[in-house]
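Everything numeric here is computed off the predicted structure, so don't read it as measured data. Each chain gets a letter, A, B and so on, in the order its sequence line appears, and its residues count up from 1.
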Amino acid sequence: MKIVVRNLVKIFKVGSIFSLKKLTAVDNVSFDILPGEIFSLVGESGCGKTTTAKILLGLEEPTAGEIFYDETPLEDFIRDKKEFLKKVQLIQQNPFSTFNPFRKIEDYLFKTVLRFGIADSREKAEKIIDEKLSIVGMSFGEVRDRYPNEFSGGQLQRISIARALLTNPSFLVADEPVSMVDASLRISIVNLFKDLGERFGISVLYITHDLSTTYYVADRIAVMFRGNIVEMGNTQEVLDNPLHPYTVLLKVSVPIPNPETSWDERVDLSTLEREEYFTKGCKFAGRCPHVKEICKQLQPPDIECGGRTVKCWLYK
Amino acid sequence: MRKLMYSLSELWEDPKFKYSSIVLGLLIFISILSYFSPYDPYKWYLLPTNQPPSLRHILGTDGKGQDIFWVLSFSLRNSLMLAVVAAVVSRVIALLVGILSGYLGGAVDRLLMALTDTFIVMPVFPLLLLLSSLIKNYLTPPVLGLIVGVFSWSGDARVVRSMVLSLREREFMITSKFSGMTVKEVIVGDLIPYLLPIISGGFIGSMMGAIGFEVVLSILGFVRVETPTLGSMFHWMINFQAMLLGYWWWVLTPIVTAILLFTALYTLSLSVNEYLDPRTRVQRIVVVK
Amino acid sequence: MREIVTVENLKAYYFIRFMGNQTTVRAVNGVDFKVCEGEIYGIAGESGCGKSTLLKVLFGYTKPPLRLVDGSVIYDFDSQKLNITAVNHQLLRRVRWKYISYVPQGSMNVLNPVRKVRKIFMDVLAEHTDMSKEEAFYEVEKYFEALGLPLRVLDSFPHQLSGGMRQRVTIALATILKPKVILADEPTTALDVVVQRGVIQLLKDIHDEQKCTLIIVTHDMGVHAHLSSRICVMYAGKIVEEAPSNKMFKDPLHPYTKLLINSLPSLGDRRRREGIPGAPPSLSNLPPGCPFHPRCPSARSVCMEREPALVTVERDRRVACWMVEG
Amino acid sequence: MKFIKSYLIPRIIQYLYMVVIGITLIFLIPRLSPVDPVEQILNTRLRIQSTTPEAILKIREVMEELYGLKGSLWEQYINMWKRLLKGDFGPSIVYYPAPVIVLIRNSLPWTIGLLTLTTLISWFMGLVLGTFLGYSKKSSLSRIWTAVFMAINPVPYYIFALTLLLLFCYVIPIFPLGGGFSVGQRVALTWSFIKDVIKHGTLPALSLIILGLSGWSLGTKILVQNLSEEDYVVYAQMMGLSDQKILYSYVLRNAMLPQITGLGLSLGGIFGGAMMTEILFTYPGIGTLAYNAVRANDYNVMIAISFFSIIAVATALLILDLLYPLIDPRIRYR
């Protein structure tokens, strides 16, 4: 499935009715996700990546902007709720809270299969469930009659992926799918995503703050900062040679598991994180090492630069 | 069903639960006996008055010439019925208002919460007094239960709402949605397990409140005291000055019964609340297996 | 160099009872190691391997259901030796913060929500020094300036601070008395990368400045690579490998360490990697023999029957594996 | 300024709204009930003395006037508001022609004196004792106290009060049977009068304090127990802070927040709570007044008491809401 997002804006109203403050969580964001591609939204907490995902999933209303699923506008597509949820599925961040601890795992799996008309009897459903579980390296026997907290985080995240695959979706949103999973199990889950595009042609929106797994798994990347996409392009190109100063900062902050790479230069931490949303110029101007006068006055436009987009005055 | 039996057997390990269920069981048994009573509870002076306990009348007779044991049996039946009606009514309203308000949000939420707040500031006691004195002749125990129920849901509706509000933000609610679950399934499967402690604790609490309220109304003479209830037993006992005349069996019967009933309900709610606490319940699922 | 912490055969279990069912969680199951003065000693391992519990025991904080079963933790300060598992409550309170302090996991809720940050610092100073109120007031400011933290934070309530700032405040709180040993439990977990780097920087600065000893627990091997000088890897309540960090990353000996390090994706490398099969064992139901054998690709029959001891293979390396002979 | 706009005004609107709805309900309930109070009074009067139909009509008219039952429902409603705003609750039926407001003015000090004092005492003692019970829950002293309170707590108030009466008025007669002061005492601010009032007030106060204390203690105990497991309390223990410091600045400070709400609500609710005490101890307060009013269908008195009751609870809630930002910084800086 091809997803097109154009000029997406989401403004939250904070405070009470008497002292409204507008917070632009997603600020004029545009991107495409191609069929069978893993597209990654990368950024720190509060950069708007999760809000963007929620809008794509129909869980949040956009303030402005357009979204198309294979040319169909989101508003039209979502009208048939069953069809929408069949085509668009998600995997959440924390496997321990993805499932209600008082509900059996199989409850979720059977409901998904039966409600979306994938199978019409429990026997057939069980076969389909077993099939999808085997994709993630598990079987129905392991899951039968058991509750979520009888599983480890890694297992739960596999089940979560299998559940999302049950409806044979064309688009999968994965919101930080491995950040709560143990290191030894993380890569095997990331590998599942790697295969999804190749084996099933599913488009994946992979949301994360972890550049290492993004580099490993994503085809294209968009780096978000305070609601803006500041840099977008081919993952390898962007991360091997970042252009935007924020991408550079992100990259050098990744703790690489190799003691020989040392951190020489020091980083400055913003103490005014909330204020950065409300600045009128470039939102990174406050801590950018290359800041110019224009950066403080005017928000930079999206600039095409060697096959990628950068939102920075340096490249004008 | 198997799960329920298992839970009961687990609860039985708790001495609090054991005590309260034995006492309540006994009281319920006595109240059921009323269906086999040899006497009509509304007829006075069928028996010699003020007889101390004997084999014929195990709790003696009172100043109205009635057998105290059989009066007690009818009274317990009526008081318990009233309590259950009040508890069911107030729980149903509290859950309905709380869940609707928290789940739907928006204008519905504001409207329902405005209503709830009003009921919170209402001076329930004087108002109920006024009401019951006005319709004294219509006040059968179930009607009184209904009235008490209608006036005692507001606090818990707020608690339910705030719990639903926080549950609504949980990730598993989104999973349920993407698994195609219906609103009913989400409420039953995702919300109710977390609301159980407040439902059960509130149920027992409003039972206690309703019984106590009936006793107060009866002592004050604001209900039809001819109907045998725990409260009317107090009423006649005080009215006939049984205390001053030294008819200890008549004085002690309602007092001991009331204390037994209230302590049993109280310990039952403590024990059940401990058992239903979601934190320990989640852990127990694994340990039990 | 002088050994400041000596841990011997430490065993600490959680005894949990539910409605008549008793379970024993062997969180720390026979751990021994030594830490030298001025070192940054890293403890690595996945969730549920007992590393956080170990740190609590090192701090002398064993509260039911956690109970110390065996072993000792001996601190060797200039003047005296101290077995923290066997000192009384009074002495423990005097030693804590002044000599040994603790940076907790997740600073979200460790600061009293109704108390200003400055007050919390002054509580600590009032308890452990004989400073007057005014002296304490300025001492806190001086320390914040030295660490490069904004002073306005002092007059805020904890909920007004961002997660990263709260974590840095917590670190400052743990180090204001310049303790000899600092125990840090996952100090960078749940922080954004840039903030995480700032926190690591802060810990390093404090270490260089105060010449203290740092014992740091984290599951993030990347953080260990940048912070720890020596690392031990825990698995199922035990240390399976211990080595200086450059050797650990370059040439891991234990199969678990090997798989763990090789499974980490890194920037600039898209080659396919494989994860470790299976899942970590439950600490209340350990497999017989080597606890890693069900997941180990090179397990032999001996691994299923007997547990390997942690043996010294080189001067500064120890491994617990039948495949590696000392 | 921002505080007034975003905090004060919405709350005052809410306050007015609650008062209006509450009073409207009080207005509606008797009118919706199937019984006509005038009819009821007429019936009882007519049983005693025979009257001509014209006289009955006359009496009925006068009664309807007194009750505010003249005209359409809407007119009655508007009239009620007009009178309420003037502080005019009409005359009492029982003590005709004494105005209701005077009756209330005479009863109010007794109720407020007894109930406010006992509520404050039991709240404060409950807070202190409950904190002790919760923080040192393993000591045997704490266990004994908890057991005692758990035994007292479910006992219904009237049984408890009756037992006290039996014990201290009949078995060991050290307190007077009831009343606010001895018959024949002159109501004046003299030493002997005050002593008399205290003597009469002790037993009802005791009954309220003991039951209240057990409730507040157990509530605080649970709060403190839960708070003791909070990360910041555990961390304060790790920091080596003294138990006093932790109890006072870390535990109690946080336990206060919900308990102050509780105090406010029960202070607001003293009119409702007063009734049983005052009747059992024949204490001359609002409760007794309400009791007599209900028995004699003294409708205006009931309306007036309900009105004050609503105002009291709503005002208590408003004051709490306004105080909350001062106690809890999390609300102040939202």
Side-chain angles (χ1 to χ4, degrees), chain C residues 55-56 58-66 87 89-117 119-129 155-161 166 169-170 173-177 179 183 185, chain D residues 2-3 6-7 127 131 134-139 142-143 220 223-263 320-321 323-334:
Chain C
L55 207 67
K56 284 210 177 82
L58 290 187
F59 193 59
Y61 194 83
T62 43
K63 264 196 161 180
L66 177 63
V87 298
H89 188 68
Q90 288 308 317
L91 185 59
L92 202 58
R93 229 171 64 195
R94 281 217 305 280
V95 171
R96 281 181 184 168
W97 245 249
K98 227 170 168 173
Y99 293 94
I100 315 162
S101 77
Y102 186 89
V103 179
Q105 176 172 18
S107 58
M108 194 62 201
N109 299 316
V110 300
L111 302 174
N112 186 352
V114 297
R115 212 158 172 74
K116 281 188 180 165
V117 170
K119 282 266 190 189
I120 302 175
F121 276 83
M122 284 166 68
D123 286 344
V124 170
L125 290 174
E127 193 67 48
H128 295 284
T129 66
D155 294 306
S156 316
F157 287 97
H159 65 99
Q160 294 170 278
L161 307 176
R166 234 176 323 203
V169 166
T170 313
L173 184 62
T175 54
I176 185 157
L177 295 176
L183 311 172
D185 188 5
Chain D
K2 200 187 136 206
F3 174 80
S6 67
Y7 202 91
L127 199 64
T131 310
Y135 201 70
S136 56
K137 60 177 178 206
K138 277 196 217 92
S139 77
S142 157
R143 277 187 192 172
T220 313
L223 262 177
V224 167
Q225 238 169 318
N226 290 342
L227 279 172
S228 307
E229 283 160 27
E230 286 284 333
D231 287 348
Y232 55 82
V233 176
V234 171
Y235 195 52
Q237 287 167 345
M238 284 184 154
M239 285 194 276
L241 299 188
S242 66
D243 281 346
Q244 279 163 312
K245 184 90 215 167
I246 293 174
L247 254 184
Y248 186 74
S249 304
Y250 287 73
V251 177
L252 197 54
R253 184 73 177 71
N254 282 286
M256 290 278 279
L257 302 175
Q259 291 307 71
I260 285 178
T261 311
L263 175 67
L320 278 179
D321 261 349
L323 278 181
Y324 234 83
L326 297 181
I327 332 171
D328 191 344
R330 278 165 295 190
I331 293 181
R332 198 180 326 163
Y333 294 97
R334 202 168 42 189

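Within the 3.5 Å criterion, the main-chain N or O of C:Tyr102 finds a donor-acceptor partner in the side chain of D:Tyr235.
No part of C:Lys119 comes within reach of chain D, as not one of its non-hydrogen atoms sits under 4.5 angstrom from that chain. Residue C:Tyr61 touches chain D through its side chain alone, counting heavy-atom pairs closer than 4.5 Å. When heavy atoms are compared at a cutoff of 4.5 Å, C:His89 does not approach chain D at all. For C:Leu173, the part lying near chain D is the side chain, with the backbone staying farther off; criterion is any non-hydrogen pair under 4.5 Å.
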Side chains of residues 223-234 of chain D: which donor-acceptor partners sit under 3.5 Å, not counting sequence neighbours?
{"residue": "D:Ser228", "atom": "OG", "partner": "D:Val224", "partner atom": "O", "Å": "2.7"}
{"residue": "D:Tyr232", "atom": "OH", "partner": "D:Asn254", "partner atom": "ND2", "Å": "3.4"}

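Between D:Tyr250 and C:Arg115 there is a side-chain heavy-atom pair separated by less than 4.5 Å.
Here NZ of C:Lys98 is found 15.5 Å from CZ of C:Arg96. Values are rounded to the nearest 0.5 Å.
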